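Take a look at the structure set out below.
In listed order, ligands and their atoms are each counted from 1. Just so it is clear, the model here is predicted, and its values are computed rather than measured.
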Amino acid sequence: MGCHEAYIHYYFRFLGRYPVAKKTLAALTEQDLAGKRVLVRVDFNVPLDQDQRITDDTRIRAALPTINYLRERGARVILCSHLGRPFKKDKATGAVQLVKEGNSLAPVAARLGELLGMPVAFAPDCIGEAAAQVVQGLANGQVALLENVRFHAEEEANDPEFARQLASLADLYVNDAFGTAHRAHASTEGVTRYLKPAVAGFLIEKELQYLQGAIDNPRRPLVAIIGGSKVSSKIGVIEALLEKVDKLILGGGMIFTFYQAQGLGVGKSLVETDKLDLAQALLTKAQARGVTLLLPTDVVVADRFAPDAQAQTVPVTAIPADWMGLDIGPASVAQIQQALQDCQTVVWNGPMGVFEFPQFAVGTRAVAETLAQLTDRGCTTIIGGGDSVAAVEQAGLAGRMSHISTGGGASLELLEGKILPGIAALEEA
Ligand code: ADP
Ligand code: MG
């Protein structure tokens, strides 16, 4: 690396980007993979019902391209993941207790086997003799899943000895767990110190391509739509995106903090009174940067926070004192649709209203429908954030977006320009 290159390298690192692309699975040769034991960190943190049935297997399906690629090249695939939060804190005593029941990955092994059309061996522990035996039994092209890495407290503590034991099962490492890439845990970060090459899987590659591509090198105009409940959880992303976007559209519960900052009455709407100055500062910053910032002009207010509340649509300048805003109104939807007409790239994080109640899901659904139509016209549409993705899925429109991120917190941190330790630890291309 020359001096100039080193400087640029450092500079971009400082900005929290990965301009030096990460090495991916596709860069490995047939020889690198044939007969090799490959430890793959996946995100199989799926929702389970009370009978341990998987209620949504999206995350398992998202890992299939990487798993199948490895199988086809004769690798022995060793999958590891976390599921849930097995360490429970007793509220009364404060003591921390490990609860394995309901947090086992065994049901995931069964489901993955169905999806792959072949049995998936399940190891009852992710390290030690139990894991080693299952790995030894793997033939080329076969797949094993290790039990929940979070059954060991050392996982989240990023304990080096635990990471070394995990690494000792394999010859090389692939990280494809985008949803956990913002955590420096033993199976996402620690393990890369003992297992090389350490490369990105296809899911992480795709997430970076869309989420990072959208902010670093977008087709313009680039528009961000930011909603959700609180300004405080979105400050970082709004600030970062103000540097990048041509237009910023705000919605959701956070708008009321902006209105109050401007001296409007917001009734009983959600307001973070300690963020009023900040809201004002963000408005000023948008103006200074020449970013078009759109706040809704009308809202749907309710007499209480309930699905069957009484509701009415009012201009934001006339919110009744005893009512609370739970959705954006039709005039605002029309305004958003207008603003999106010429855009080439849209990033959406955070619902426009309390979409969990059908009566207040109208604004969110309308925005989702508009984005689906824009995608059809060639616009790149990217959805990040757990609830935003849930809202788009609920509307049945997930298949019509360019990219639906599998990582809630991770996608937000990436949009904020933060370094994701699980990705930073991977080798450069
Ligand atoms: P994401 O998970 O997509 O990042 P957030 O977690 O930030 O989104 O916000 C989602 C939550 O915001 C939803 O539970 C939704 O009910 C809530 N929300 C949206 N609009 C309002 C509002 N006007 N008042 C209260 N809560 C709201
Ligand atoms: Mg959320």
Side-chain angles (χ1 to χ4, degrees), residues 45 47 56 58 178-179 182 207 211 224-238 240-241 248-260 264-273 275 279 295-307 309 311-314 316 319-320 322-329 332-333 336 346-368 371 381-395 397-398 401 403-416 418:
N45 184 27
D56 181 356
T58 307
F178 181 71
H182 59 318
E207 294 274 8
L211 290 165
I225 308 173
I226 306 292
S229 49
K230 293 181 171 174
V231 200
S232 51
S233 65
K234 302 291 161 83
I235 296 165
V237 75
I238 294 176
L241 288 175
L248 178 63
I249 297 169
L250 298 180
M254 72 160 79
I255 57 177
F256 302 101
T257 301
F258 286 88
Y259 295 140
Q260 185 156 321
L264 294 176
V266 297
K268 291 192 168 145
S269 307
L270 192 68
V271 171
E272 290 170 278
T273 45
K275 294 288 178 290
L295 276 165
T297 52
D298 62 344
V299 286
V300 180
V301 293
D303 62 347
R304 63 205 159 91
F305 190 85
Q312 57 174 318
T313 300
V314 297
V316 293
I319 299 174
D322 279 344
W323 294 59
M324 60 182 77
L326 297 186
D327 196 7
I328 60 172
S332 308
V333 168
I336 292 172
V346 192
V347 178
W348 182 15
N349 171 276
M352 296 293 98
V354 182
F355 74 99
E356 294 93 336
F357 302 158
Q359 190 179 197
F360 307 106
V362 179
T364 302
R365 279 180 177 251
V367 169
L371 293 200
T381 50
I382 299 156
I383 322 294
D387 293 291
S388 323
V389 169
V392 171
E393 277 168 354
Q394 196 189 76
L397 295 168
M401 306 298 170
H403 182 66
I404 297 268
S405 178
T406 55
S411 60
L412 200 64
E413 290 199 13
L414 198 57
L415 290 174
E416 285 177 44
K418 287 190 184 158

Using 0.5 Å steps for rounding, measure from the [atom1] atom of [X] to the [atom2] atom of [Y].
| X | Y | atom1 | atom2 | value |
| --- | --- | --- | --- | --- |
| Phe256 | Leu295 | CZ | CG | 10.5 Å |
| Asn349 | Ser388 | CG | OG | 4.5 Å |
| Met254 | Thr257 | CE | OG1 | 9.0 Å |
| Glu393 | Thr58 | CD | OG1 | 5.0 Å |
| Phe305 | Leu270 | CZ | CG | 9.0 Å |

For ligand 1, is any non-hydrogen atom under 4.0 Å from [X]'s backbone (N, CA, C, O), its side chain (CB onward), both, or neither?
| X | value |
| --- | --- |
| Glu356 | side chain |
| Lys234 | side chain |
| Asn349 | side chain |

Between the side chains of Glu272 and Ser232, does any donor sit under 3.5 Å from an acceptor?
->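 Note: Glu272 and Ser232 side chains meet the donor-acceptor criterion.
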Pair Thr406, Glu207: side-chain N/O donor-acceptor within cut-off below 3.5 Å |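 Note: Thr406 and Glu207 side chains meet the donor-acceptor criterion.
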Can you name the atoms of ligand 1, numbered from 1 with element, that are less than 4.0 Å from a heavy atom of [X]?
| X | answer |
| --- | --- |
| Gly252 | 20 (N), 23 (N) |
| Gly350 | 3 (O), 8 (O) |
| Pro351 | 3 (O), 8 (O), 9 (O), 10 (C) |

List the closest protein heavy-atom neighbour of [atom]: residue, atom name, distance to the nearest 0.1 Å.
| atom | answer |
| --- | --- |
| atom 19 (C) of ligand 1 | Gly353 O, 3.1 Å |
| atom 25 (C) of ligand 1 | Val354 CG2, 3.7 Å |
| atom 21 (C) of ligand 1 | Gly253 N, 3.3 Å |
| atom 11 (C) of ligand 1 | Ser229 N, 4.0 Å |
| atom 3 (O) of ligand 1 | Ser388 OG, 2.3 Å |
| atom 9 (O) of ligand 1 | Gly228 CA, 3.2 Å |

Is [X] reaching over with its side chain to a backbone N or O of [Y], donor-acceptor style, under 3.5 angstrom?
| X | Y | answer |
| --- | --- | --- |
| Gln260 | Val271 | no |
| Thr364 | Phe355 | no |
| Trp323 | Gly325 | no |
| Asp327 | Val300 | no |

Considering distance alone, does some N or O of Gly325 sit under 3.5 Å from an N or O of ligand 1?
->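 N/O-N/O distance below 3.5 Å exists for this pair.
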Indicate yes or no: does an N/O atom of Gly384 lie under 3.5 Å from an N/O atom of ligand 1?
->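 By distance alone, the answer is no.
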Selected option - heavy-atom contact closest to atom 2 (O) of ligand 1, from Val237, Asp387, Asp327 =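 Nearest option to atom 2 (O) of ligand 1, by heavy atoms: Asp387.
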For the Mg ion (ligand 2), check which protein N, O or S atoms are under 2.8 Å away and list them.
->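 Under 2.8 Å from the Mg ion (ligand 2) - ignoring waters, which are not counted - the protein N, O or S atoms are Asp387 OD2.
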Closest heavy-atom contact between Val333 and Ala366?
->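 Heavy atoms of Val333 and Ala366 come nearest at CG1-CB, 3.6 Å.
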side-chain contact (heavy atoms from CB on, under 4.5 Å) partners of Asp298, counting only residues at least two apart =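 Asp298 satisfies side-chain contact (heavy atoms from CB on, under 4.5 Å) with Thr313, Pro330, Ala331, Ser332 only.
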